[in-house]
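Working notes, structure below.
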Amino acid sequence: MNLRLTETEKTTSVTERSTPQEYQYVFQSFEELSEVPTDEVKAIVLEQSEVMHGRLMQIGQFDNDPKAHVAAFMEKIEGIIPPNGRFYIVRDELRIAVGFGAMRKLDDTSVEMKHLYVRDDHRGSGLGRRLVERRLEDARAMGARAVFADTIGAFPEMPTLYQSLGFERIDPPVTSGTLSASPGIAECLIFFRKDL
């Protein structure tokens, strides 16, 4: 398998041992649909969907079946591959996928961040923040002047992350892909916008 490795990031993760552990991450992006490792993407999207489904169920919200979520993601994957958007898999030093993020172009001046996921054993490393920052960099390069994002209330860390990066909370935008795909969870969605 020929991986296109686009950049390396070093971040520090504080572990329970109270000594920092250095991780080196590689951001892999895809220029063409044929480059996407389909089975690996399905596996990590299923993992993210199961986490999301579990959190939604904890707060009493209905969500679709995680496997159906994966199928819907794969049906629309062309929408997050250039020139329509961006898709990243983040790998650790062993080249194991530990997170992913996506972004889709809404129009010539705006994009929507989709799917931010970091595996439990890499949370707290700064990787989630770096995934958002990377998409902001690419949004600028794509000519976007506005970036939209959303999260569910069951992920309380997300509003803090978005607001720390200059996003402002907004009313639901008409262009929300999450809202149109999952109207059953509308009442627990939180929406954000950042002007570039």
For [X], side chain to side chain contact (heavy atoms under 4.5 Å, CB included) partners two or more places apart:
{"X": "Ala146", "answer": "Ser110, Phe148, Arg193, Asp195"}
{"X": "Glu50", "answer": "Leu46, Pro66"}
{"X": "Glu78", "answer": "Leu33"}
{"X": "Ala139", "answer": "Met103, Val111, Ala144, Val147, Leu196"}

Original post:
Does the pair Ile44 and Arg119 meet the rule for a side chain to side chain contact (heavy atoms under 4.5 Å, CB included), with working shown?
Top reply: CA-CA 9 Å; Ile44 198 164; Arg119 287 193 165 143; 4.2 Å; yes
Subject >> Derivation and outcome, side chain to side chain contact (heavy atoms under 4.5 Å, CB included), residues Val45 and Phe100 >> reply: CA-CA 8 Å; Val45 172; Phe100 73 99; 3.7 Å; yes
Looking at [atom1] of [X] and [atom2] of [Y], how far apart are the two atoms once the value is rounded to the nearest 0.5 Å?
{"X": "Leu116", "Y": "Thr151", "atom1": "CG", "atom2": "OG1", "result": "8.0 Å"}
{"X": "Ser49", "Y": "Lys67", "atom1": "OG", "atom2": "NZ", "result": "11.5 Å"}
{"X": "Lys105", "Y": "Glu112", "atom1": "NZ", "atom2": "CD", "result": "14.5 Å"}

Can you check whether [X] reaches [Y] side chain to side chain, under 4.5 Å on heavy atoms?
{"X": "His69", "Y": "His53", "value": "no"}
{"X": "Arg86", "Y": "Met142", "value": "yes"}
{"X": "Met113", "Y": "Leu136", "value": "yes"}
{"X": "Asp138", "Y": "Ser29", "value": "no"}

Original post:
Parallel under 30°, tilted from 30 to 60°, perpendicular over 60°: which one fits the rings of Phe73 and His115?
Top reply: perpendicular
Subject >> Partner set under ring-ring contact (aromatic ring centres under 6.0 Å, His included) for Tyr117, not counting sequence neighbours >> reply: none
Original post:
Are Tyr88 and Ile96 connected in the hydrophobic side-chain network, where two residues link if heavy atoms are under 4.5 Å apart?
Top reply: no
Original post:
Would Asp120 and Arg123 pass as an ion pair if we require N to O under 4.0 Å?
Top reply: yes
**OP:** Show the numbers, then the answer: is there a side chain to side chain contact (heavy atoms under 4.5 Å, CB included) between Ile190 and Tyr162?
**Re:** CA-CA 11 Å; Ile190 304 168; Tyr162 285 132; over 6 Å; no
Subject >> With Tyr25, the side-chain hydrogen bond (donor to acceptor under 3.5 Å, both in side chains) member among His122, Arg91, Glu93 >> reply: His122
**OP:** Using the test salt bridge (charged side-chain N to carboxylate O under 4.0 Å, His left out), find all partners of Arg129 that sit at least two apart in sequence or belong to another chain.
**Re:** Glu133
Original post:
What residues, two or more places apart in sequence or in another chain, satisfy salt bridge (charged side-chain N to carboxylate O under 4.0 Å, His left out) together with Asp107?
Top reply: none
**OP:** Any chance you could lay out the side chain to side chain contact (heavy atoms under 4.5 Å, CB included) test for Gln28 and Arg95, step after step, and finish with the verdict?
**Re:** CA-CA 10 Å; Gln28 180 184 10; Arg95 299 295 189 255; over 6 Å; no
